[in-house]
Amino acid sequence: MRALLVALLASGVLAVGAQAAGPPNAADLEAELVCPVCETTLDQSDAPVAERMKSFIRERIAAGDTEQEIKDALVGEFGSGVLATPPKSGFGLVAWLLPLVALGIGLLTVVLLVRRWSRRRGPPAPERPLDPDLERRVDEELARFEG
Amino acid sequence: MAHRGRLVAQGVAVGFVALLFLLLVWTLVTEEGGDLAAAAARGERPEAPDFTLERLDRDGDLTLSSLRGKAVVLNAWASWCLPCKEEAPFLEQVWREERARGLVVVGLDAKDFRKDARRFVRRFGLTFPIVFDGPGDVAADLYGVTGFPETFVLDREGRVLDVFVGGIIADEDRARLRAAVNRALAT
């Protein structure tokens, strides 16, 4: 049983590994690259240049290029505007970091505002002593109720 | 202290809005594309935006302003564009006939693969200079080209005399181009 489990796990790991190291998927690449004429992703475009780019992607996959090599080749021809997402280096990194910076600033603002509001409210007011007459009546009622 | 902090925050916010406003104004003021055809149609002679691009017909770059003193037919094209195929032999003919008088035809290949462009050049036997503008920065952003082909006739001082949107295929368009070339050569 244990051997079977190990074999299953090993085959799963190998399958995932083989998928990661396998050839790039044309459909995935077409969703990540933009047609330079109509400025939609290639999978959404049937413009002549988009069709030519799709055939280029298939040719390069068949030639054994990696996903990054295909993207680099297309950027070399059409510029970085063909990437649907900005590169994670150089100036493109700003587009990835800016939302995180904005989120950080937002969180900091919320924390500062909450602290400010909680300070403004101040310590809780001291409890007012009960009126002696009322306290005596409450005691009497309780004694009667329990008795 | 809190008052000072609030003033700084307000200053930063106002500065940020002012920066955005300046960016908007700068974008509007520096946007050149699209106006050339309209200005040429009104009889104005706007200056053609200068550029330096990689050549496809030989090694090195070509700078438009280096052609001052010559009339220029700047033809924006792409290998995947059908009307570009129809007009290419005519442009080659004009170049061969008029180059001795001081005309240069420049092919501006945009939004294209270099390999496809070179194949196109070989197929149509084009001998005039070809520059490569793969991202389309010069064609679209500087010259306002929205479709291919589009052709600009520049006089010897680098000013736009006439603009042809679409293929120069019909007889009247070809006659108009020849007339524009003659005017450009006469400057």
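Chain letters run A, B, ... following the sequence lines, proteins first and then strands; every chain starts at 1. The model shown is predicted, which means the values in this text are computed figures rather than measured ones.
- Shortest non-hydrogen contact noted between B:R114 and A:E77 is N-OE1, 2.9 Å.
- Between B:F113 and A:F78, the ring planes lie perpendicular to each other; the angle is over 60°, past the 30° to 60° tilted range.
- B:K111 places a side-chain N or O within donor-acceptor distance of the main-chain N or O of A:P36, the cut-off being under 3.5 Å.
- Other residues, nucleotides and ligands contribute more than 12 heavy atoms inside 6.0 Å of the CZ atom of B:R183.
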ask   = Yes or no on side-chain contact (heavy atoms from CB on, under 4.5 Å) for B:W80 and A:E51, after CA distance, side-chain angles and deciding distance?
value = CA-CA 10 Å; B:W80 42 263; A:E51 294 299 329; over 6 Å; no
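- Only the backbone of B:D112 comes within contact range of chain A, with heavy atoms under 4.5 Å apart.
- Interface remark: B:F132 contributes side-chain atoms only to the contact with chain A (heavy atom separation under 4.5 Å).
- B:L161 and B:W95 are not part of a single hydrophobic cluster, where members link through side-chain heavy atoms under 4.5 Å apart.
- Note: B:G134 leads B:S79, B:C81, B:A78, B:G134 in heavy-atom pairs under 4.5 Å with chain A.
- Linking Ile, Leu, Val, Met, Phe, Trp and Tyr residues whenever their side-chain heavy atoms come within less than 4.5 Å leaves A:I57 and A:V34 in two separate clusters.
- Within a 6.0 Å sphere centred on CG of B:D59, other residues, nucleotides and ligands contribute 12 heavy atoms or fewer.
- In B:K85, the NZ atom is crowded: over 12 heavy atoms of neighbouring residues, nucleotides or ligands sit closer than 6.0 Å.
- At most 12 heavy atoms of other shown residues, nucleotides or ligands fall within 6.0 angstrom of atom CG in B:D171.
- Interface check for chain A: of the options B:G136, B:P135, B:G147, the most heavy-atom pairs under 4.5 Å are formed by B:P135.
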